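Structure record follows, encoded as C-alpha cells.
Keep in mind that what you see is a predicted model, and the values were worked out from it rather than measured.
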Amino acid sequence: FVPEEGTYESVVGTLRIKQVIAEQAARIALLVDSSKFDQRALSKVLSISDIDIIITDDGASPQSLEFLRRMGKQVHVAYVDENQDTAHGT
C-alpha cells in the first residue's frame, strides 16, 4: 500500500477479483498492517481515490496518516499493546 498511489497485489490470480469486488462496493475500507505501508507489488489493484476508509495499526507513520486525512480519507488507528501476548490472548 502506497498512500499516494493505492494498493498493490503480488498474486495476479486475485488482482481482478479484488477489482471486481471493489467495483460493486458502495464504499471501500482498507484494512492494512503498518508494515505494508510504502510497499509496492507486481500489479496495482486500487487507486487511492477508490478507497474511502483506511484502518491500520499505530506503527504507521504520522506523516502517512496525516496525508490520508488531508486527502479526505477516514483514518482509524488501532493501538497495539506490545505487552499483550496475542498468540495466547493474554
Side-chain angles (χ1 to χ4, degrees):
F1 171 66
V2 179
E4 297 83 4
E5 299 172 14
T7 65
Y8 289 82
E9 176 61 58
S10 58
V11 179
V12 177
T14 60
L15 165 72
R16 188 65 187 133
I17 294 168
K18 290 179 179 183
Q19 289 174 330
V20 169
I21 291 170
E23 289 168 3
Q24 301 301 315
R27 296 181 71 190
I28 297 173
L30 176 68
L31 177 62
V32 59
D33 184 283
S34 64
S35 69
K36 301 295 185 188
F37 272 64
D38 299 317
Q39 301 293 316
R40 284 185 186 88
L42 182 63
S43 300
K44 188 170 183 179
V45 178
L46 298 173
S47 171
I48 190 63
S49 63
D50 297 326
I51 302 166
D52 303 297
I53 304 165
I54 294 95
I55 305 161
T56 190
D57 61 85
D58 59 357
S61 77
Q63 295 85 359
S64 291
L65 299 177
E66 182 57 30
F67 172 81
L68 292 166
R69 288 182 178 110
R70 283 196 318 266
M71 295 271 308
K73 308 302 176 186
Q74 290 182 31
V75 178
H76 301 277
V77 179
Y79 293 93
V80 179
D81 181 358
E82 294 180 13
N83 296 319
Q84 185 174 357
D85 180 357
T86 56
H88 297 97
T90 59

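- Taking CG of Leu15 as the reference point, atom CG of Leu42 lies at 8.5 Å (rounded to 0.5 Å).
- Taking 4.5 Å as the limit, every side-chain heavy atom of Ile21 sits out of range of all side-chain heavy atoms of Ile28.
- Following chains of ILVMFWY side-chain contacts shorter than 4.5 Å, one cannot reach Phe37 starting from Val80, and the two form parts of different hydrophobic clusters.
- Atoms CG and CG, from Asp58 and Asp81 in turn, are 10.0 Å apart once rounded to the nearest 0.5 Å.
- Salt-bridge check for Glu9 with Lys18: passed, with a basic side-chain N closer than 4.0 Å to an acidic carboxylate O.
- Residue Val2 is not grouped with residue Leu30 when hydrophobic side chains (ILVMFWY) are merged at heavy-atom distances under 4.5 angstrom, including chains of intermediate members.
- With a 4.5 Å cut-off on side-chain heavy atoms, Arg16 and Gln19 count as touching.
- A donor-acceptor distance shorter than 3.5 angstrom exists from the side chain of Lys73 to the backbone of Ile51, with no hydrogens or angles considered.
- A continuous path of hydrophobic side-chain contacts links Met71 to Val75 [ILVMFWY only; heavy atoms under 4.5 Å].
- Remark: of the listed residues Thr14, Thr7, Ile17, Thr7 is the sole one forming a side chain to side chain contact (heavy atoms under 4.5 Å, CB included) with Val45.
- Each of Ile55 and Tyr79 belongs to its own hydrophobic cluster when Ile, Leu, Val, Met, Phe, Trp and Tyr are linked at side-chain heavy-atom distances under 4.5 angstrom.
- Looking at heavy atoms from C-beta onward, Phe1 lies out of side-chain contact with Thr56 at the 4.5 angstrom threshold.
- Here the straight-line distance linking atom CG of Asp57 with atom CG of Leu31 works out to 9.0 Å at 0.5 Å rounding.
- No more than 12 heavy atoms of other residues, nucleotides or ligands shown are found within 6.0 angstrom of NZ on Lys36.
- Residues Ala41 and Ser10 share a closest heavy-atom pair of CB-N, 3.6 Å.
- When all heavy atoms of Phe67 and Pro3 are compared, the closest pair comes out as CE2-O, 3.4 Å.
- In terms of heavy-atom proximity, Ala22 sits nearest to Leu46 at CB-CD2, 3.6 Å.
- Between Leu65 atom CG and Ile54 atom CD1 the span is 9.0 Å, to the nearest 0.5 Å.
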